[in-house]
Every structure is written in structure tokens, then in C-alpha cells.
Protein chains: 2
Amino acid sequence: MLNSYSSADKVLLAVDCIIFGFDSDGLKILLIQRDFEPEKGKWSLIGGFLKRDEVLDDAAIRILNTYTGLNDIYMEQLYAYSEIDRDPVERTISVSYFALINIENHNEELIKNYHAEWFPINEAPHLIFDHNDMVQNAIKRLRYKTSIKPIGFELLPEKFTMRQLLELYEAILSKELDKRNFISKINSLEILNKLDEKDMQSSRKGSYLYTFNKEKYEEKLLNDFVLNL
Amino acid sequence: MLNSYSSADKVLLAVDCIIFGFDSDGLKILLIQRDFEPEKGKWSLIGGFLKRDEVLDDAAIRILNTYTGLNDIYMEQLYAYSEIDRDPVERTISVSYFALINIENHNEELIKNYHAEWFPINEAPHLIFDHNDMVQNAIKRLRYKTSIKPIGFELLPEKFTMRQLLELYEAILSKELDKRNFISKINSLEILNKLDEKDMQSSRKGSYLYTFNKEKYEEKLLNDFVLNL
DNA sequence: TTTATTAATGTAGATTTCACACTTACAATA
DNA sequence: TATTGTAAGTGTGAAATCTACATTAATAAA
């Protein structure tokens, strides 16, 4: 019985994470200042190498956890980047993942220690290797996914206002949306719970808080879900 | 200057191709009967290993060409599969690609020699490893891509009838479409050339042949393209 | 009590989608 | 050459969805 494909070449496999967060300033990504060569000191996506007995999804989870302290985060594999010299040190194929996190939840200590920082997506610095491409692709995928699955909620705190949700979608799609039309479309999906509680930060009147109702959503999934904004 | 990330583990990288074709029997995939261990004699996707100085896209092109003799084929990377024991011989991560080919164009000799065969997508045999998953994912992606880009034309001969186009879309989406509505939607895109020539195979009356007008399409791309069938 | 600020809400016109059936052109056959 | 059979080609009206748009409501602060 064969126990190796001896003739084939082996390569390094890396995982790079595009970590999206959202707050009142808009959509952001978490970047890190590399503390090793090459490109030490330059900005980079958060990444690492796949281990021998590790599945790619687990590597992505491990890396995210290392730098943010977070678990149970929405992640999705995006694309494998394989240009020969993309990493000047050694042939490395990198698989990108995107993650959606609630920006208020991560471990501030950790990201400080790692010299990580949040950047508004339009003000991100130049990144090493092909990481800028990865980010652009991730944004595209985020837009697409947002239109077919309500993953946007992953980026918000558990309780949120309609305005926050609206601003999140505006940030993701980078276009203005009509408030009334947006609200009625969201309501027609019937996947939110309107709470009795109000958020009084934003105005005198206060705005109702909502939570995402995952159960109702799962029910609906049997049918199709399309969100056309 | 660093010249290796010495601590990291290396792995084998494979490429597996989901090759779609279309003829009067519907949508098909090209499968191969493995002639090496393990799983010799079982049906499998067409694949191979990534070479040291090769980009993934090129590996996919090389593999497709080896088995079909074709060049200049529409291909797209899909997903990296990394379960630890997906290949029992050795840890192998496989990146899947899908290809769309005009089923009449490939080299019959070649595929015969390689024991390759076309299977209607609903009658495909059980495949080795995780290849059935790969196929299912590829079909999903094909459906999606079809709705946002006119890639369906890649599967047809250069000149085709409206009926062929209709049947292609029905096969991809696996649902019936209304002939009149389909035709008027396609026409409203204004990306086809209607030829004076008719195809007389299918009926006494004969049906007009069309070609895909790539230039007109590229123009339109500046705006958005959505095909909602 | 007045004022300032943001939240909440509905409608009408335009556009798009969908369902649906008859006529036409031609080749084959009698 | 008249008849027949077959798939091609074509348009409309009703329903659903999308879009643009402006006023009132609730509350805290002054």
C-alpha cells in the first residue's frame, strides 16, 4: 500500500484573516504591524501557518483567537493565493478567510500587545505582499454574502437599533439607502425581535432596540432569502 | 536575511477540476477512472499536484489540457479542501477549480486513453475522497455565476439557437423556464448577434443561430449585469 | 412651556415580473 | 401541388415589487 506521493512537491500553507468590525465610524478591518522579517514594521493582515494536523478552518479560528481572544466567530474561506513570489522568503500559498466580529467584544489588551489596530476600510494603509488584494476580494464577498444571508448581524452588538443596522448596510454596500424603504424591507423579512427597551444615547426620543431572531430566520431559510437593497 | 520559515509544516497541494460540459442530454461532468492506488478503478475528478514553480491557476490549466487537449478555457478557483484524512495516502490539501467547456471540442482520443467519461450531473457515480462535495459546491457556484455573468456561453458552440441557450439555463438552474419570458430577457440584455443563418436540425422551420457578442457585453459591464431567471 | 433633535411611519407612481396561447415557416409525405 | 406535422417565433395584461418622498411623535434640555 502506497504511503506517499513521493514525486510531488510540498509547500507551505498560510492562512490570512480579513477581520471586519463595525462601529459608529463605519466598517473597519483589523491589521497588525509585523514584528518579524521580512517587512518587519509594515502593516499586514493577521495570519499564520497551517499546522500538520490542522484543518484550514481550525487554523483560521486559532489565528483569530490568538490575536483577539475571540471564539465562536463567523468565518468563511475565501480564496487561495499562490503567486510564486508573493512571499519573498519562501514559496507560500495563502488561503484567505474573512471574519465578522462585534468590534466591542475583542480583547483590547491582546490586540495592543500584538500592535494590532482597527482601520476604516477606506483608510487602510498599504499592506505587505498581496494582502491589499485579499482585502478587496473580501469586501466583494462580504457584499455578496450580505445580500443572500443576514450575516450583517454578526457585526453588531446583540441589541441594536434600526439606525445602526441601516448604517451597517450602508457601510458594507458603500451607498446611501432610503431609511423608510430599508426598514420596511427588513421588517418584511420578519427575522428581528423588537424589544420594549429603548436606546437613549442617540436622541431625546430614544430608539427601539432589536435583536436578531435566529430561529425565525432558520425557518425562513427553507424558502429563499434574498435581500435586495 | 531570512530564507525560510523553518518551523512551519509543509504539505502537498493538489488541484481538482470540475469540468462541465453541455449537450442535448443536458449538463455533464467529465470524470476519470483512476489508474493508480489508492482507489484505483474508482471514479474521480480530474486532478494533479501543484508543482514547485507553478501557480494554482496554471496547474489547473495544465491538468485540464493534459486530459482534454483544450486550451483557453474558462476556469475559476472554487475552494480549498483540507480535512486531515481526505486522502488516505498522505496529508493533501486540494484546491478545486471549475471549468466550462464546449463538449464537442475536446480531444476524444485523449479522454478515451485516460478512461475519462462524461456523466450527466444527476447520474454521476460515487466519487473518491471528498470529490462529490466538490461537485456539489461547483454546481452551486455555477448557478450563482450564471446569474451575474454570461458564462453560460462558454458551454455552447460558437453558434447556437435560443432553444439550446434556454435548455442550458434550465439544466444549470434545474428548473423549467418560460420560453417567451426567457427570450425577451435575453434579448433585453442586447449581448447576442442574431445571424441570418438557420439551424435546420431541430425543426422544419429551422431556428435562427446566434453568437455571443463579447464586445457589446464588455460595454455593458460598466453598468451592472444581472440576469434574473 | 418651549425648543431642538432624532425616531417612526404610509402612499402613489413607475418598473419589473409573471403567466399565458396562437400563428408562422418549412419539409416531408400523399 | 396540396396537406400535414413539427418546432419556432411572438405580445399583453395583471400582479408584485421597487422607488421616491415629507410629516408627525416622543422626549430631554433649556
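Values reported hereafter were calculated over all heavy atoms of this structure, with side chains retained and with hydrogens, waters and symmetry mates removed. In what follows, chains carry the letters A, B, and so on, assigned in the order in which the sequence lines appear, proteins first and then strands, with residues in each chain numbered from 1. Quantities reported herein were computed from a predicted structural model and do not represent experimental measurements.
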Pairing residues for A:Tyr114 by the ring pair (Phe, Tyr, Trp, His ring centres under 6.0 Å) criterion, not counting sequence neighbours = A:Tyr67

Going 5' to 3' on DNA chain C, which nucleotide is the first and which the last to come under 4.0 Å of a heavy atom in chain B?
-> C:dC18 to C:dA28

Exercise answer: donor-acceptor pairs, residues 121-138 of chain A side-chain atoms, under 3.5 Å, sequence neighbours excluded:
| from | atom 1 | to | atom 2 | distance (Å) |
| --- | --- | --- | --- | --- |
| A:Asp130 | OD1 | A:Arg86 | NE | 3.3 |
| A:Asp130 | OD1 | A:Arg86 | NH2 | 3.0 |
| A:Asp130 | OD2 | A:Arg86 | NE | 2.7 |
| A:His131 | ND1 | A:Leu45 | N | 3.0 |
| A:Asn132 | OD1 | A:Leu127 | N | 2.8 |
| A:Asn137 | ND2 | A:Tyr81 | OH | 2.9 |

Mind checking side chain to side chain donor-acceptor pair (under 3.5 Å) for A:Arg180 and listing every partner two or more places apart, or none if nothing turns up?
-> none

Does B:Lys198 count as lying over the ring of B:Tyr208, i.e. NZ or CZ under 6.0 Å from the six-ring centre, within 45 degrees of the axis?
-> yes

Taking only residues two or more places apart in sequence or in another chain, which ones pass ring pair (Phe, Tyr, Trp, His ring centres under 6.0 Å) with B:Tyr144?
-> A:Tyr144

Scan the side chains in residues 163-171 of chain A for donor-acceptor partners under 3.5 Å anywhere in the protein, sequence neighbours excluded, and list what turns up.
| from | atom 1 | to | atom 2 | distance (Å) |
| --- | --- | --- | --- | --- |
| A:Gln164 | OE1 | A:Thr161 | N | 2.9 |
| A:Glu170 | OE2 | A:Leu177 | N | 2.8 |

Tell me: CD1 of B:Ile183 to C1' of D:dG11, nearest whole Å?
-> 12 Å

Measure all distances between protein nitrogen or oxygen atoms and nitrogen or oxygen atoms of nucleotides 22-28 of chain D, and list the pairs falling under 3.5 Å.
| from | atom 1 | to | atom 2 | distance (Å) |
| --- | --- | --- | --- | --- |
| D:dA22 | N1 | A:Arg180 | NH1 | 3.3 |
| D:dA25 | N3 | A:Lys205 | NZ | 3.4 |

Sorted by position of nearest nucleotide on DNA chain C, 5' first, the leading residue of A:Ser184 and A:Ser202 is A:Ser202

Distance in angstrom units between B:Leu195 CG and D:dG9 C1', rounded = 17 Å

Integer-rounded Å distance: D:dT10 C1' and B:Asn187 CG | 11 Å

CZ of B:Arg163 versus P of D:dG9: gap in Å, rounded?
-> 9 Å

Would you say the side-chain atoms of B:Asp16 and B:Ser96 include a donor-acceptor pair closer than 3.5 Å?
-> no

Applying ring pair (Phe, Tyr, Trp, His ring centres under 6.0 Å), name anything that partners B:Phe119, two or more places apart in sequence or on another chain.
-> B:Trp43

Select from A:Asn228 and B:Met162 the residue whose nearest nucleotide in DNA chain D is closer to the 5' end of that strand.
-> B:Met162

How many Å lie between CD on A:Glu176 and P on D:dT19, as a whole number?
-> 15 Å

Take the protein atom CG of B:Asn181 and the nucleotide atom C1' of D:dT10, then report the distance between them rounded to whole Å.
-> 12 Å

B:Phe160: partners by ring pair (Phe, Tyr, Trp, His ring centres under 6.0 Å), with sequence neighbours left out | B:Phe153

